[in-house]
Amino acid sequence: MFDFLIHGFDVALTPLNISLALIGATLGTFFGALPGIGPINGIAILMPLAYTLGLPAESALILLAGIYTGAEYGGRMSSILLNVPGDAGAVMTTLDGHPLAKKGLAGPALGLSAVASFVGATIAIIGLTLFAPLLARVAVMFGPAEFFALMVFAFASMSVMMGRDPLKTGIAAVLGVMIAMIGVDSSTGVLRYTFDMPELYDGIDFVVLIIGLFAVSEILLMLEQAARHGTSEMPALGRVFVKFKEVLACRGAILRSGFMGFIIGTLPGTGASVASAVAYTTEKRINDTEGTFGEGDMRGLAAPEAANNASAVGSFVPLLTLGIPGSGTTAVLLGALMLYNITPGPMMFSERPEVAGGLIASLYIGNVVLLLLNLPLAGLFAKVLTVPRWVLVPFVALLAFVGVYQLHSDPIAIYTMLAVGVFGYVLRKFGFSLAPVILGYVLGGLAEVNLRRALAISGGSPDVLWASGISIGLYVAAVALLVAPWLIGRIGRRANDPQTASAS
């Protein structure tokens, strides 16, 4: 494991990769600071550019991972200063971050959030270093049937944990699976969902899908909100460096939330929004003895920030070891690996150690860079929040159109991107999350491939799907995830029912 990490630092410490880590961290912080842009849009927009520039796979992944982790840092700025979450993972940050800003503590709040993010991410990076290679060794025992069972478990965990409405999450995931099935069946040659349109015979490209779903739909929402979007006044930052005693007072919340965020991040389909919510509610139960949470308690700010960044790093564990994305953003990173014909999974650690090791080592470097950037330069990054929409919308649109056309050089790809963008806009207006659509697209394709391989090995017998203990365990876990919320809710209702209580 030590040799693996040393090899990773040999890759990450080249001048090119250090520069890319710095660029990714800086751009990611800007993308995260802009409300509505976030890590997925940042990666989706820049992924085609990284590919067309001819960057090696490990360098491209270091750049995109820097954008991901940087956006998790940057998302706190608009949450604290404007009470507008930069992304879903920063929603809980607004609860105590903005009240602190209104008290005149905007600078210390930004400083504390940077320190909490650094500590949470560091805990998760160490966990990734220790457990990813070990889990990869276990995952080598997985065959097609076990991987299919793993996809079933991933769908179950996603439908339960991602979003407040499991039904809408499940519907969005099914839509993603249906999109993945568009085109010519590689095994039978049958046309699926093409509607006799030759442009759909090759399916919908992953880059076109993510840029359309996220960037174009975000542009449409920005245009819709432009007329009623008012100018928000930012509070004065004051001192940005947080005092040591303020950090010390939050040490328990930061450490607990960091470990909690890493564990939740490793579960497929959860993401930073779940981790930050669980961390905040846990700390509220432990520490809110005086009712100060929600009114500007620094512990209420530190907990979701530590969990947010720890979860972002933790989501790399299932991506690198099992080949399944742990979040919507890592689903986009999986698409980046596919562009380079790299299949993430347990064999990547032995076949492409420069990619896996370079990525893990770059996270150490990027995390330190982000702390050094976000403490002294918080005021500069906060200026991004003053960019007017009439400048921001054309800029995002230009990047989206150029990115798709650079990769495909085909106007049909532009039209498809626009159609997908309108579809994503409609989904968002009806309250659907777009991340499950991407996860359904990725997991659906992987589930179909492994199901066919398993059935081909067994000569068509479905018994192979539950022939191993690993498969049975994953199916049981998937059923437990689906049944547990209903069962807990029913037990809670019976406990609160006066008639049931009197009868007992």
Side-chain angles (χ1 to χ4, degrees), residues 40-41 43-52 64 151 155 158 169-220 323-325 328-343 396-397 399-428 430 432-449 451-452:
I40 293 183
N41 280 322
I43 294 174
I45 291 170
L46 293 181
M47 182 171 62
L49 180 61
Y51 182 76
T52 53
L64 299 179
M151 300 305 143
F155 274 115
M158 177 176 61
T169 302
I171 293 173
V174 171
L175 289 174
V177 174
M178 295 175 66
I179 294 173
M181 295 177 67
I182 293 175
V184 179
D185 189 314
S186 58
S187 299
T188 64
V190 174
L191 297 176
R192 303 186 299 189
Y193 299 119
T194 58
F195 306 102
D196 294 327
M197 298 174 62
E199 294 82 5
L200 295 179
Y201 285 2
D202 292 331
I204 295 182
D205 182 76
F206 186 80
V207 174
V208 173
L209 177 67
I210 59 172
I211 292 182
L213 273 182
F214 291 97
V216 175
S217 67
E218 187 64 38
I219 291 169
L220 295 175
I324 60 174
T329 309
T330 49
V332 181
L333 290 174
L334 176 59
L337 288 171
M338 290 178 175
L339 281 177
Y340 285 91
N341 294 319
I342 296 175
T343 302
V396 175
L399 290 177
F401 278 83
V402 170
V404 169
Y405 193 77
Q406 271 189 334
L407 198 61
H408 293 279
S409 301
D410 185 2
I412 297 299
I414 300 293
Y415 301 145
T416 306
M417 178 191 70
L418 293 174
V420 171
V422 173
F423 175 66
Y425 170 77
V426 172
L427 287 179
R428 294 175 72 170
F430 280 96
F432 286 86
S433 174
L434 298 183
V437 180
I438 293 296
L439 290 169
Y441 179 93
V442 174
L443 296 177
L446 293 173
E448 181 183 12
V449 169
L451 175 62
R452 291 192 171 192

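Residue numbers count from 1 along this sequence.
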Using 0.5 Å steps for rounding, measure from the OG1 atom of Thr416 to the CZ atom of Phe423. 14.0 Å
Does Ala180 have any side chain to side chain contact (heavy atoms under 4.5 Å, CB included) partners at least two apart in sequence or in another chain, and if so, which? Tyr441
Run the side chain to side chain contact (heavy atoms under 4.5 Å, CB included) test against Val184 and tell me which residues pass, sequence neighbours left out. Leu191, Tyr201
How close do Val177 and Gly444 get, heavy atom to heavy atom, and via which atoms? CG2-CA, 4.0 Å
Which atoms form the tightest heavy-atom contact between Gly212 and Val216, and what is the distance? O-CB, 3.4 Å
Exactly one of Leu213, Ile204, Val174, Val420 clears side chain to side chain contact (heavy atoms under 4.5 Å, CB included) with Ile179, and that residue is Ile204
Minimum heavy-atom separation for Met178 and Tyr193, please, with both atom names. O-CD1, 3.8 Å
Not counting sequence neighbours, which residues clear side chain to side chain contact (heavy atoms under 4.5 Å, CB included) with Leu451? List them please. Phe148, Leu455, Leu465
Non-neighbouring partners of Tyr415 that pass side chain to side chain contact (heavy atoms under 4.5 Å, CB included), sequence neighbours left out: Pro411, Ile412
Nearest heavy-atom neighbours spanning Ser217 and Gly421: CB-O, 3.7 Å
Any pair with a residue in residues 412-421 that passes salt bridge (charged side-chain N to carboxylate O under 4.0 Å, His left out), sequence neighbours left out, goes on the list, sorted by first then second residue, please. none
Side chain to side chain contact (heavy atoms under 4.5 Å, CB included) between Phe432 and Leu175, intermediate numbers included: CA-CA 11 Å; Phe432 286 86; Leu175 289 174; 5.7 Å; no
Tell me, which pairs form a salt bridge (charged side-chain N to carboxylate O under 4.0 Å, His left out) where one or both residues lie in residues 418-427, sequence neighbours left out? none
Salt bridge (charged side-chain N to carboxylate O under 4.0 Å, His left out): pairs with one or both residues in residues 433-449, sequence neighbours excluded: Arg192-Glu448, Glu448-Arg452
For Tyr340, what residues pass the ring pair (Phe, Tyr, Trp, His ring centres under 6.0 Å) criterion, not counting sequence neighbours? Tyr51
